[in-house]
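Structure first, commentary second.
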There are 2 protein chains.
Amino acid sequence: MAKSEEDERPERISDAEHAVMEALWAKSPLTAAEVCEAVCAERDWSLPTVKTLLSRLVTKQAVATKPDGRRFLYRPLLARDDYVGDESRRLVDRLFGGRAAPLFAHLAQEEALTDADIAEIEALLKELKQ
Amino acid sequence: MAKSEEDERPERISDAEHAVMEALWAKSPLTAAEVCEAVCAERDWSLPTVKTLLSRLVTKQAVATKPDGRRFLYRPLLARDDYVGDESRRLVDRLFGGRAAPLFAHLAQEEALTDADIAEIEALLKELKQ
DNA sequence: ACTTACCGATTACGCTTGTAAACATTAAGC
DNA sequence: GCTTAATGTTTACAAGCGTAATCGGTAAGT
């Protein structure tokens, strides 16, 4: 295994592509038509658009295909947790110098925190501290 | 005032543009050359690149200019807090259905929370709860 | 006054993204 | 067997972005 050079270039996933990923994370595998059923109404897309996005995601190795008769079944290769973690960290790094507390302060300030959020975060903190 | 149609289209700020904004948020007003001093080394940019980004930011009404002799002084029009708030909310909306608690769960999981963060968040929670 | 150096403005150019049409292939129905 | 409908592939094209060179004006030095 001396050769792992052209390997993992994490290739950012665009906004439109992300919508497709969400559909596949919600349920997979799906055909292109099924993905369209899940997202075309919401985003006002046509089936060809979804197909383009799916191919790009395949190229980016974020989605895998398995032939099923004449068509393909699409399945996420990238785990949602990984994606979400990467994106969150990117934001925190870019805007808050990598520290989460100021992010929290901002969300609190904007009243983006519900009571449930606060309770949940408290519970998490308790766990972290022990 | 019946006419406020061509008004505020919030025009997303790109990644490169954001770097320029950070320089201006750190200190302003600055000349183009001074902005370059602040960011060109880091991002490996040339002065013309910075000038392009500055013009685009002016077009997007995120930066204002004031003539100073033959050159311009650049100053942020968009407040950092507003920008940061918008971006944070966008992320939370897109990835966590608008709820902040799952974001924290993720950051905690990735050990992106330092002890200082935890202490700070606790203090904020205390304030929020009262 | 003439040249020079410094600026903003204009133009450039390849890449990604959003959005899709056109094309090719093939399974299925008549 | 031939047509049609479904499906992936190829091509398209405008807008945004990253990165920058060039142009044109003008203040400053000589």
Side-chain angles (χ1 to χ4, degrees), chain A residues 9-24 28-75 77-78 83 87 90 94, chain B residues 9-24 28-75 77-78 83 87 90 94:
Chain A
R9 177 153 315 280
E11 286 272 27
R12 299 263 296 135
I13 286 171
S14 81
D15 213 64
E17 286 158 4
H18 170 237
V20 169
M21 291 303 291
E22 287 292 349
L24 291 174
S28 81
L30 293 179
T31 66
E34 284 166 342
V35 171
C36 186
E37 263 170 53
V39 302
C40 281
E42 176 92 15
R43 311 267 305 207
D44 197 41
W45 283 340
S46 68
L47 178 57
T49 298
V50 170
K51 288 182 180 175
T52 300
L53 294 172
L54 281 169
S55 331
R56 287 178 184 169
L57 286 168
V58 169
T59 302
K60 291 180 182 180
Q61 295 185 298
V63 163
T65 57
K66 198 176 295 255
D68 170 54
R70 86 199 115 175
R71 69 225 170 125
F72 277 166
L73 294 181
Y74 296 88
R75 183 176 47 84
L77 265 185
L78 175 65
Y83 174 73
E87 290 296 306
R90 277 178 56 85
R94 220 167 46 97
Chain B
R9 178 154 314 281
E11 287 273 25
R12 299 259 299 134
I13 287 172
S14 80
D15 213 65
E17 286 158 4
H18 170 238
V20 169
M21 290 303 291
E22 287 293 348
L24 292 174
S28 80
L30 293 179
T31 66
E34 284 165 341
V35 171
C36 186
E37 264 171 51
V39 301
C40 282
E42 176 92 17
R43 311 267 304 209
D44 197 41
W45 283 339
S46 68
L47 178 57
T49 297
V50 169
K51 288 183 180 176
T52 299
L53 294 171
L54 280 169
S55 333
R56 287 179 183 168
L57 286 167
V58 170
T59 302
K60 292 182 182 180
Q61 295 184 297
V63 162
T65 57
K66 198 175 297 253
D68 170 55
R70 87 200 113 177
R71 68 225 171 123
F72 278 165
L73 294 181
Y74 296 87
R75 182 176 48 84
L77 266 185
L78 175 64
Y83 174 73
E87 291 296 305
R90 277 178 57 84
R94 221 167 45 96

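Residue numbering restarts at 1 for every chain, and letters A, B, ... go by the order of the sequence lines.
Residue contacts for B/T49: at a heavy-atom cut-off of 4.0 Å it reaches a base atom on one of the strands shown.
Atom CG in A/L53 sits about 10 Å away from atom C1' in C/dA20, given to the nearest Å. Rounded to an integer number of Å, the gap from CZ of A/R12 to C1' of C/dC15 is 15 Å. Whole-Å rounding puts the A/L54 CG to C/dT17 C1' distance at 15 Å.
Contact annotation: the side chain of A/L57 never approaches that of A/Y74 to less than 4.5 Å [non-hydrogen atoms, C-beta and beyond]. A 4.5 Å side-chain heavy-atom check between B/D15 and A/R94 finds at least one atom pair inside the cut-off. Contact annotation: the side chain of B/L73 approaches that of B/T31 to within less than 4.5 Å [non-hydrogen atoms, C-beta and beyond].
For the atom pair CG of A/L30 and CG of A/L54, the computed distance is 9.5 Å after rounding to the nearest 0.5 Å. The structure places OH of B/Y83 at 8.0 Å from CD of B/E22, a figure rounded to the nearest 0.5 Å. One finds the CE atom of B/M21 at 11.0 Å from the OG atom of B/S14 (value rounded to the nearest 0.5 Å). Atoms OG1 and CZ, from B/T65 and B/R71 in turn, are 13.5 Å apart once rounded to the nearest 0.5 Å.
DNA chain C is contacted by A/S14, A/D15, A/A16 of residues 14-24 of chain A, taking any non-hydrogen atom closer than 4.0 Å.
Salt-bridge formation is not detected for the pair B/E17/B/R12: no Lys NZ or Arg NE/NH1/NH2 atom is positioned less than 4.0 Å from an Asp or Glu carboxylate oxygen.
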Indicate for each nucleotide in nucleotides 5-12 of chain C, in 5' to 3' sequence, whether protein heavy atoms under 4.0 Å reach the base (B), only the sugar-phosphate (S), or nothing (-).
--SB---B
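Judged by closest nucleotide on DNA chain C, A/R43 is the one of A/R43 and A/G69 placed further toward the 5' end.
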